[in-house]
Every structure is written in structure tokens, then in C-alpha cells.
Student: 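Pasting a structure here, questions to come.
Residue numbers start from 1 in every chain, and the chains themselves are labelled A, B, ... in the order their sequence lines are given, proteins ahead of strands.
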Number of protein chains: 2
Amino acid sequence: MNIKIAIADDHQLFLKSLSLLIAGFNGFSIVAEAVNGKELLDKITALPVQPDIVLLDVNMPVMDGPKATALLQKQYPGIRIAALSMKENDTTIITMLKAGCCAYLLKDIHPVELEKALREIHESGYYHNDASNVNYRRLILQSEQQETITEREKEFLSLACSDLTYKAIAQKMNVSERTVDGYREILFHKLNVQSRTGMVLEALRRQLVSL
Amino acid sequence: MNIKIAIADDHQLFLKSLSLLIAGFNGFSIVAEAVNGKELLDKITALPVQPDIVLLDVNMPVMDGPKATALLQKQYPGIRIAALSMKENDTTIITMLKAGCCAYLLKDIHPVELEKALREIHESGYYHNDASNVNYRRLILQSEQQETITEREKEFLSLACSDLTYKAIAQKMNVSERTVDGYREILFHKLNVQSRTGMVLEALRRQLVSL
DNA sequence: GCTTATACCGGGGTTTTCCCCGGGTAGCTC
DNA sequence: GAGCTACCCGGGGAAAACCCCGGTATAAGC
């Protein structure tokens, strides 16, 4: 019996190429292809038999990786989900792991390693390459102690991602300069930075704001 | 005679998958695969026969798309170069077009369309899908008014995208504080911003630096 | 009544950033 | 040599950012 794989990735070229590659592995077959999470869920629902493993891109339009993972987990707890991403980004990995995926694969993985990973997931239910294994504990810990950022702070953060001075930001937020100074101070601590530039960069990395 | 293709992409999985896909097209063969521009150039040099078309990812480590394009154009003017990117980003497209590539393909192109594009490039020497065709003139115009940013300025820019003070940056670059102040000043003007935060954000938008 | 959390504010200070003034060298093209 | 570009540098001063001290009010929850 072949190992049944479903793939979702918003880049059609990659989706089709990867599909072809995996179909070429001995003992594997592709049962569904989709360009976003929603399409994948629909296709899986329509299948007579569930796939064994779902390969899920993290960043997709319509429905992204974490959301699709959560829904899949709920509806089909038997399906193993592996995240597939370009970014070795801590917060992204945490989000996917927390959502319930059993592996986080990078897109620059070698095909041979991918095949190995897929077999391992199918047999043991999980796979971690050295890199993510080493960091796994740290990441989970980090996610647990992750500071929460309030609405008002987020508002300040988006305004800080601009040419505006703190004075101008204070006016836009209808508070005193001292107050935004307080936001700055608390965010420096929460994001572990010591300058506005660092704060902006960290906010972008954590995708608290977008470019 | 098969159409000979060379590919460079830093994501191994994509590289190998795409290679497999194209090798499956009727009348095509892959003559070189590389994970960056430098490696591609080396491999092409070592080949007995030049490839007809080079598929080049825009964002790569070691040597990126634009640089590789320029070098390829110079050394092998007969080779057609097609850019392959995820981002439909104006400045990126401009850079690649100016560097001398004859097509800008998005990674979410359908395989069938890719095959069509490759044949068209091989026969007529160029290919433009509707989307890029529409904007072509505007982009070139925009590129002509675009200010150039020197190597040293780019170096400063990446260092500025951090928690470092200008003083620390000056030390890292082995120049006086006054000199980095000069870089700051000229970049403020070129990027049309008036604060370090603005500069960092604009640099990220124009992909002069990456997160 | 007390703690906890969020939001807000005033006044003081130092360091960094920003913005001017001016200067120079090396290399390349015409 | 003139003219261009890239690169480098010193000093001074105003503004913004950074970092302390302190405080109040309001609402939620035990």
C-alpha cells in the first residue's frame, strides 16, 4: 500500500514540481494538490480515503498553514501534518508546532532527506531534523513565557513603524508624550531590544506588524 | 536537439523538483543545477556546451539574481536568462530586467505556462506574460529615475537594520562617525525618508536588505 | 477591602540622531 | 588638467530618542 500524500502550496509551479518529485519516490502517491488551506480541506473531504501525510506550506492566501493545521487536526486526527516553509523563523515554527504539526521542514531540504522524513513520519508519527530538534525545547519554552502585547501597544507599534516622531505618535493616539514613552519602554522590554529601530525590526520578524 | 536548461535556486527541494518537471517536458533537458549564482557560473563554465536558457531565482545567497545575470550576460551573451521569483515586486523586476534578463516568471506560474514560456524564449528570444507586459514601460521609466545605491551604502544599510548605534556601525565599518553620518544623510535623500526608522522600513520595502 | 492589570501622566536627566558648516584623496574619462 | 564618482573626515548644535524618579484612575476578581 502506497503512502498517500496531500500537498498545499500557493506557488503552483512548486506544488506541481514537488508533487511530481514525491510521486516518483518508491511507495508514495499524491492524492490531493491545493493552492491554499481551504482548497486542501475541500479536496480531502471529497476523497474516498484520507491521506496519510499532509504537506502544508505555512504562508498561503485564503487559509494559511496554522489555521489549516488546526482544522485538519480537529476533523482528521489520524492525518500527520508536516509544515513546509522557507523561513526558519522561530515564531512561525512555534505557531505551527502549537497548531499540531508533527514536523517542520525547510524548502531547501534535499529530496533524499524529504523522502526519509516522509517515511519516518509515516512510521513513527514524527520527524525532526537535527536543527529543529536542538531548538525544540527552547522554542516551546519561549512560546510559553512569550509576553502578551496589549491592543494599545500594538497600535503604538504600528505607528512606530513609520517616519513619525514619538511626539507625533502621541498626538495620533491622543495621549501625552510621557505615555507613548511608557509604551516604548514596555515594548523594549517585551521584545528585548534597546532602540526604536530594533523594536521595528523585531515587530516585523514576529509579524506583529506588516510592511 | 533538446532545449538545454540550467537552473539556479537556493531552495534545494524546489530546484530538484523543478528540474524533474522540466526534464519531463518534451524536447527539454537540464544541463546544470545550482543553489546560487556563483555555483551556476562555475557549472556552466565546466560544461562542454552552453545552455540555451538559464532559469534564475532572484533571491539567493552568495550571488543573487541580478549579479549572476550581469555576469552571465557578459560572459555568454548567447544565453537567454529568465528570472524566477515569488515576489511581484516592482524594484526587483526592474533590477532583473535592467541586468539583462528576457523574462520575469512568477513561481506560481502553471507548469503548462512555464513550458510555453520556455519555448517562446527559445524561439523568439523573449517572453512576457500579460501582467509584466502591461507594466513594462512604467517600470523602465521608474527605473531610470531611480537613484543608485553604492556598495558601501548598502553595507551601511544592513548594519543600520539593527540595534546598533551609528557609533558602533562606524567602528564595524572602520570609518569615522562623521562618515556614517554622511551615508545616513545621502540615504535619507535617496530613499526619501527623514528618520532611521523610515530608512530601515524603506530599505526592507525595496528589498535592499532582508529581515 | 485588597490585589492585579491596564491605561494614563509630570519632570528631570543623558545619549543618540539628525542636520548644518567645512575639508580631503583616489581613480577614471574626456 | 578638468570633471566626475566613490570614498573619507572634523566640529558644532538642535531635536529626538532613551531612561530614570515619581504619580492617578478605572475596572476585574477574590
Side-chain angles (χ1 to χ4, degrees), chain A residues 143-206 208-209, chain B residues 66-67 70-71 74 95 98-99 143-206 208-209:
Chain A
S143 88
E144 270 159 16
Q145 36 172 263
Q146 187 111 16
E147 313 253 15
T148 60
I149 288 158
T150 67
E151 275 312 304
R152 204 70 174 142
E153 283 162 6
K154 277 186 194 161
E155 197 182 333
F156 163 72
L157 213 41
S158 1
L159 287 169
C161 290
S162 73
D163 253 347
L164 298 172
T165 65
Y166 288 140
K167 195 171 172 177
I169 293 173
Q171 279 170 10
K172 282 216 173 195
M173 289 181 76
N174 275 317
V175 292
S176 84
E177 292 179 50
R178 177 64 188 83
T179 304
V180 304
D181 200 32
Y183 294 143
R184 181 195 55 70
E185 205 157 357
I186 204 148
L187 278 166
F188 273 24
H189 181 248
K190 286 184 180 175
L191 299 181
N192 191 31
V193 293
Q194 41 282 330
S195 74
R196 177 163 172 183
T197 307
M199 178 175 70
V200 166
L201 290 165
E202 191 57 29
L204 285 167
R205 283 194 202 99
R206 298 201 188 181
L208 299 168
V209 296
Chain B
K67 201 158 182 180
L71 284 173
K74 204 175 153 190
T95 321
K98 283 184 84 177
S143 88
E144 270 157 16
Q145 340 170 313
Q146 186 114 16
E147 312 251 18
T148 60
I149 288 159
T150 67
E151 277 309 306
R152 205 72 173 140
E153 283 162 8
K154 277 186 194 161
E155 197 182 333
F156 163 72
L157 213 41
S158 6
L159 288 169
C161 289
S162 72
D163 252 347
L164 298 171
T165 66
Y166 289 140
K167 194 171 172 178
I169 293 172
Q171 278 168 11
K172 283 217 172 196
M173 290 181 75
N174 275 316
V175 293
S176 83
E177 291 180 50
R178 178 64 188 83
T179 304
V180 305
D181 199 34
Y183 295 142
R184 182 196 52 71
E185 203 158 357
I186 204 147
L187 278 166
F188 274 25
H189 180 248
K190 286 184 180 174
L191 299 181
N192 192 30
V193 294
Q194 42 280 330
S195 73
R196 177 164 173 182
T197 307
M199 179 175 70
V200 166
L201 290 164
E202 190 59 29
L204 285 167
R205 283 192 201 100
R206 299 200 188 181
L208 299 170
V209 294

Student: Once you round it to whole Å, what is the distance between C1' of C:dT6 and CD1 of A:I149?
Tutor: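 Atom-to-atom, A:I149 to C:dT6, this comes out as 15 Å.
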Student: Is the shortest side-chain heavy-atom distance between A:V180 and A:F156 below 4.5 Å?
Tutor: yes
Student: Side-chain contact test, heavy atoms from C-beta onward, threshold under 4.5 Å: evaluate it for B:R184 versus B:D181 and give yes or no.
Tutor: yes
Student: Take the protein atom CD of B:Q194 and the nucleotide atom C1' of D:dA17, then report the distance between them rounded to whole Å.
Tutor: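 It works out to 16 Å between those atoms.
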Student: A:H189 has an atom NE2; how far is it from atom C1' of D:dC20, in whole Å?
Tutor: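 Spelled out: NE2 on A:H189 to C1' on D:dC20 is 16 Å.
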Student: Would you mind building the protein contact string for nucleotides 11-17 of chain C? One character per nucleotide, 5' to 3', B for base within reach (heavy atoms under 4.0 Å), S for sugar-phosphate only, - for untouched.
Tutor: B----SS
Student: Keeping B:S158 on the side-chain end and B:K154 on the backbone end, is there a donor-acceptor pair under 3.5 Å?
Tutor: yes
Student: Between the side chain of A:D163 and the main-chain N/O of B:V193, is any donor-acceptor distance below 3.5 Å?
Tutor: no
Student: What residues, two or more places apart in sequence or in another chain, satisfy side-chain contact (heavy atoms from CB on, under 4.5 Å) together with B:R152?
Tutor: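 Scan of B:R152 (side-chain contact (heavy atoms from CB on, under 4.5 Å), adjacent residues dropped) gives B:T150, B:E155, B:M173, B:V175, B:Y183.
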Student: Whole-Å distance between D:dA17 C1' and A:I169 CD1?
Tutor: 11 Å
Student: Just to be sure I understand the rule, does A:T150 reach a base, reach only the sugar-phosphate, or reach nothing, if contact means heavy atoms closer than 4.0 Å?
Tutor: sugar-phosphate
Student: Is any side-chain heavy atom of A:E177 closer than 4.5 Å to one of A:Y166?
Tutor: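 Sidechains of A:E177 and A:Y166: no contact.
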Student: Provide, to the nearest angstrom, the distance between the CD atom belonging to A:E185 and the P atom belonging to C:dC9.
Tutor: 16 Å
Student: What is the distance, to the nearest angstrom, from the CZ atom on A:R152 to the P atom on D:dT26?
Tutor: 17 Å
Student: When you match B:S176 and B:T197 each to their closest nucleotide on DNA chain D, which lands nearer the 5' end?
Tutor: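 Nearest nucleotide further toward 5': that of B:S176.
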Student: Without decimals, in angstroms, what is the distance between A:I186 CD1 and D:dC18 P?
Tutor: 16 Å
Student: Mind calculating the distance between NZ (A:K154) and P (C:dT6) to the nearest angstrom?
Tutor: 13 Å
